[in-house]
Q: 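One structure, pasted below without further comment.
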Amino acid sequence: MSFFNLTRSKEKEDKSVSQVNDASPTATRARQLALPVDIYEGADELLLLADLPGVEPEGLSVSFEAPELRIEGRRGSGDTASVYSRTFRVSEQLDPAGISAELNAGVLKLRLAKAAHTKPRKIEVRAG
Amino acid sequence: MLTRFSDFNDWPSFGFADFGSPRGSQHLRRELERLFGEVERQAQPGAATSSFKDDGSNFVLTADVPGLTENDIQISVSGDTVTLRGERNVAVPEGYSTHRRERSAVSFAKSFQLPTRVDADKVVATLKYGVLTLTLPKAAEAQPRQITVKAA
C-alpha cells in the first residue's frame, strides 16, 4: 500500500503526495539546483529527507498549508545565489502541529505526523 | 618546477604550456566531476556539485557532500597528489516503507594531480552544511613571485 506519489515521476502509487512543481513560481533569476528527496512512511508519520548542501538554517524555509508542503532553500548570496525549491501536495491527513524539521550536514530531515484519525488502529476482538 | 619536466610528460593535460592556465583548471574540474559522479547522478543541469579555483597562492576545491560527516571523509595530500575517499549509505529506516528514493548512496575514492606541488602540512579541509572545502597552499617554489628589475 502506498500513500505517496510524485505525479511527475509517473509512478504507480496512488495520490497521497503529488508534486506541484519543481521550479519556483516567482521568476527568480537565481539558478535552480536539483533537490533530491527520499520519502518514507511509518505507522505514525511520514519522513522526508532532502539533500540541500550549502544551505544554512537561515536560508531554509519549510511551510505546510494543507495540502501543500513547500521546501525552499537559498544557497549563497548576490549574483552567485542559487535556490532549491519543491512543492508537494500531501493528501495524507497531517497534524500541522506535528511537523518538525532538522538540518544536519546539508540534509533536511522532515517529520510529518499523521493526523490521529488516520493512524492505523488495531481493534481488539473480545470473546463474547 | 622546471626540473620536473619529465613529470609533465605523464600528464598530457598539464603540458608545460598549460601550466597555470585555465585549461589546467578545466581538466581538474572534469576530474572532480568524475570523482563526485555519484553525488551528481541525480542532479539536473545547473546543479552545483564541485568547483576548483586557483587564487594565486592556493588551490581551492569545494564539493557537495550532503550527509557526510568528518568521519566519512578521508583526505591525503602528498606532493602534488590529492586523494579523497568518502562514503554515505542511504538506509531505509527500520519499520518504514519507501515511497520515494531519489537520494543516492555515495562512494568515491580518487586520486588526482594538481598543476603544482602543494604544502601538505598547510592544507586545510572544512566541512560545513554538507560542503567540503579544501584549501591547498601551493608549495613555496610554486608561489607567484615578484621579480624586481634592478637598474644596471
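Letters A, B, ... mirror the listed sequences (proteins, then strands); counts begin at 1.
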Q: Using the salt bridge (charged side-chain N to carboxylate O under 4.0 Å, His left out) criterion, which residues pair with A/Asp95? Sequence neighbours excluded.
A: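 For A/Asp95, no residue satisfies salt bridge (charged side-chain N to carboxylate O under 4.0 Å, His left out) once neighbours in sequence are set aside.
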
Q: Can you give the donor-acceptor pairs under 3.5 Å from side chains of residues 84-96 of chain B to other protein atoms, not counting sequence neighbours?
A:
from, atom 1, to, atom 2, distance (Å)
B/Arg88, NE, B/Ser104, O, 3.1
B/Arg88, NH1, A/Asp51, OD1, 3.1
B/Arg88, NH1, A/Asp51, OD2, 3.2
B/Arg88, NH1, B/Pro66, O, 2.8
B/Arg88, NH2, A/Asp51, OD2, 2.9
B/Arg88, NH2, B/Ser104, O, 3.0
B/Tyr96, OH, A/Glu45, OE2, 2.3

Q: When hydrophobic residues are tied together by side-chain contacts of less than 4.5 Å, even through go-betweens, does A/Val107 share a cluster with A/Tyr84?
A: no

Q: Could you tell me whether the side chain of A/Asp38 and the main chain of B/Glu102 form a donor-acceptor pair under 3.5 Å?
A: yes

Q: Just wondering, are more than 12 heavy atoms of other shown residues or ligands nearer than 6.0 Å to CG in A/Asp79?
A: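 Incorrect, the count does not exceed 12.
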
Q: Under a 4.5 Å heavy-atom cutoff, which of A/Ala105, A/Ala50, A/Gly42, A/Gly106 has the most pairs with chain B?
A: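 Among A/Ala105, A/Ala50, A/Gly42, A/Gly106, the one with the most close pairs to chain B is A/Ala105.
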
Q: Please table the atom pairs, donor to acceptor, closer than 3.5 Å between any side-chain atom in residues 125-135 of chain B and protein atoms at least two apart or in another chain.
A:
none

Q: How far does NE2 of B/His99 sit from CD1 of A/Ile39, to the nearest 0.5 angstrom?
A: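 So the gap between those two atoms works out to 8.0 Å.
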
Q: Would you please go through residues 54-67 of chain A and name the residues with a non-hydrogen atom below 4.5 Å from one of chain B, in numerical order?
A: A/Gly54, A/Val55, A/Glu56, A/Pro57

Q: Say you draw a straight line from CG of A/Leu49 to CZ of B/Arg101; how long is it, rounded to the nearest 0.5 Å?
A: 10.0 Å

